[in-house]
Protein chains: 2
Amino acid sequence: MFRDFTLNDKEREALNAISTKIHKPAKRRIYTQGEAGRYVYRIRSGAVRLEHHLHDGRNHIFAFIWPDDMFGTIEDGVYPASAIALVDTYLFQIPYAALLNLIEVYPRIQTLFLQQALNYTKAAQRHLLLATYPLVLKRLAGFLLECSKQADFYDQHSNILTLAMDRKDIADYLGFAVETTSRMLKELEDMRLIKRLSSQRIVLDRRKIMEIF
Amino acid sequence: MFRDFTLNDKEREALNAISTKIHKPAKRRIYTQGEAGRYVYRIRSGAVRLEHHLHDGRNHIFAFIWPDDMFGTIEDGVYPASAIALVDTYLFQIPYAALLNLIEVYPRIQTLFLQQALNYTKAAQRHLLLATYPLVLKRLAGFLLECSKQADFYDQHSNILTLAMDRKDIADYLGFAVETTSRMLKELEDMRLIKRLSSQRIVLDRRKIMEIF
DNA sequence: CGGCCATTTGACGGGAATCAACCGCGGTGG
DNA sequence: CCACCGCGGTTGATTCCCGTCAAATGGCCG
């Protein structure tokens, strides 16, 4: 439900009026877990990772955020996770206070957030599915397929996927060790399902990958 | 945000007017994955599991649903998961069609769903955290702590936890084999962190469990 | 060229899956 | 009343996947 919802011109304009366009270079922190949360963000271009630092030293990546997606949920007034730009990223920064006022005037804007929340929930379920797949090879295969859905990072014609994240990020997202990322990429390459052009640029054979997934 | 939201009397009444009280005995299916989704549910008492059947034969449990929680999200008109009562369960059944009409009249009811979506996402994140914990023992320890938050199933005084789900359900939720559930329960008992009264009734030493978690 | 960092590769050990068998309990029917 | 069965839970033996530790390689920038 609420799948086909879009804002009208007036609503969009009002939302733009309270938004600021900001820019973050690659690897730059946007906010930190535990910090007071004053803004919600929407990606114009680039990519972001949401990570949560655990007491046992592990770093848990909850989600990768892509263009048009929003992030910046707060819990008890603070951000429960850190947000870090993966690549050169352009954002809309929207102050919560102004947003809540705006929703009073244009209640339909809230639907936008409901939509985002539902999308995010779906993404969380797919993530859970991936991260608990018994074989690590299949986790990675599924991950590559997920990434190839992002038009900005996958070229349909050449089948070249540009990874916005490094090996450690992938490992933290899928729940295994950095070394395993390398090993499994090698195995996929040995199986002729992918071809590594460089560490970040990979040619995919989506059909073959789907077969083993 | 939206944490402190509650319906007023009029809204609650209107919602009740379109709801039907229904009952499902233990192990009874409420709906099946792939089925056309016409209702959303809210648990009055009991417990429900949401599971997704995978093509490789595994059964993936996305969530356990407790009293006051809602479930029944649809994707493309159908339920993406099956819902099954774990124990004798009483529910509110709310038709989607009537609900969408009601939101037109009382837009604030939508906030209830936004709230639910955000809660669900939080739960999904905790689930992910649990299910990817490197040591199986800690996964189970964390799971028992989660369960002990449900007042209907955990007695604060006697510290007795009543498990609504069986060993297989726990295994499917935490991402390991049935046998592992048994083995780890035994290990927790050997460590004097729990005591099994029967297969479903367990005395917890929450303090000690938190220490190892 | 040299240093740093990300990535890759190798060797080894451990933890959990798998494949079995066994146990305990409730239900059923002779 | 008890033997039999079925099902959920437990335990044991073996295998293997992946984490860990260690070292080598490669790319990038000063």
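Convention: sequence-line order gives letters A, B, ...; per-chain numbering from 1. All values below were derived from every heavy atom in this structure, side-chain atoms included, with hydrogens, water molecules and symmetry-related copies excluded.
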Any sub-3.5 Å donor-acceptor pair from B:H23's side-chain atoms to B:D88's backbone N or O?
-> no

Ion pair check, A:D69 and A:R42, cut-off under 4.0 Å = no

How close or far is atom P of D:dG9 from atom CG of B:L197, stated in whole angstroms?
-> 16 Å

May I ask you to verify if any side-chain N or O of B:K186 is less than 4.0 angstrom from the OP1 or OP2 atom of D:dT11?
-> yes

A:R196 CZ to C:dT9 C1', in whole Å, measures 11 Å

A:L135 has an atom CG; how far is it from atom P of C:dA17, in whole Å?
-> 12 Å

Classify the ring geometry between A:F143 and A:Y173 as parallel (under 30°), tilted (30 to 60°) or perpendicular (over 60°).
-> tilted

By nearest-heavy-atom nucleotide on DNA chain D, the more 5' of B:E179 and B:K27 is B:K27

Of the candidate nucleotides D:dG19, C:dA16, D:dG9, which contains the atom at the shortest distance from the side chain of A:F176?
-> D:dG19

Quick one: are A:L188 and A:L137 in side-chain contact, heavy atoms under 4.5 Å?
-> yes

Round to the nearest Å and state the distance from A:R201 atom CZ to D:dG27 atom P.
-> 14 Å

Rounded to whole angstroms, how far apart are CG on B:D56 and P on C:dA17?
-> 15 Å

Should the pair A:D166-A:K168 be classified as a salt bridge under the 4.0 Å nitrogen-to-oxygen rule?
-> no

For A:R139, which contact category applies under a 4.0 Å heavy-atom criterion: base, sugar-phosphate, or nothing?
-> nothing

Using only side-chain N and O atoms of A:T180, determine if any of them is under 4.0 Å from OP1 or OP2 of D:dG19.
-> yes

For the pair made of OH in B:Y133 and C1' in D:dC18, what is the distance, rounded to whole Å?
-> 19 Å

Between B:Q200 and D:dG8, does any side-chain N or O lie under 4.0 Å from OP1 or OP2?
-> no

B:M184 atom CE is separated from C:dA17 atom P, nearest whole Å, by 8 Å

Distance in Å, A:Y41 OH paired with A:M70 CE, rounded so as to fall on 0.5 Å steps | 11.5 Å

CD of B:E189 versus P of D:dG9: gap in Å, rounded?
-> 15 Å

Ionic contact status for A:E189 with A:R192, cut-off 4.0 Å = no

Under 4.0 Å from any atom of DNA chain C, heavy atoms only: list the residues of residues 158-169 of chain A that qualify, in numerical order.
-> A:D166, A:R167

Has A:R183 got a side-chain N or O lying under 4.0 Å from the OP1 or OP2 atom of C:dG10?
-> no

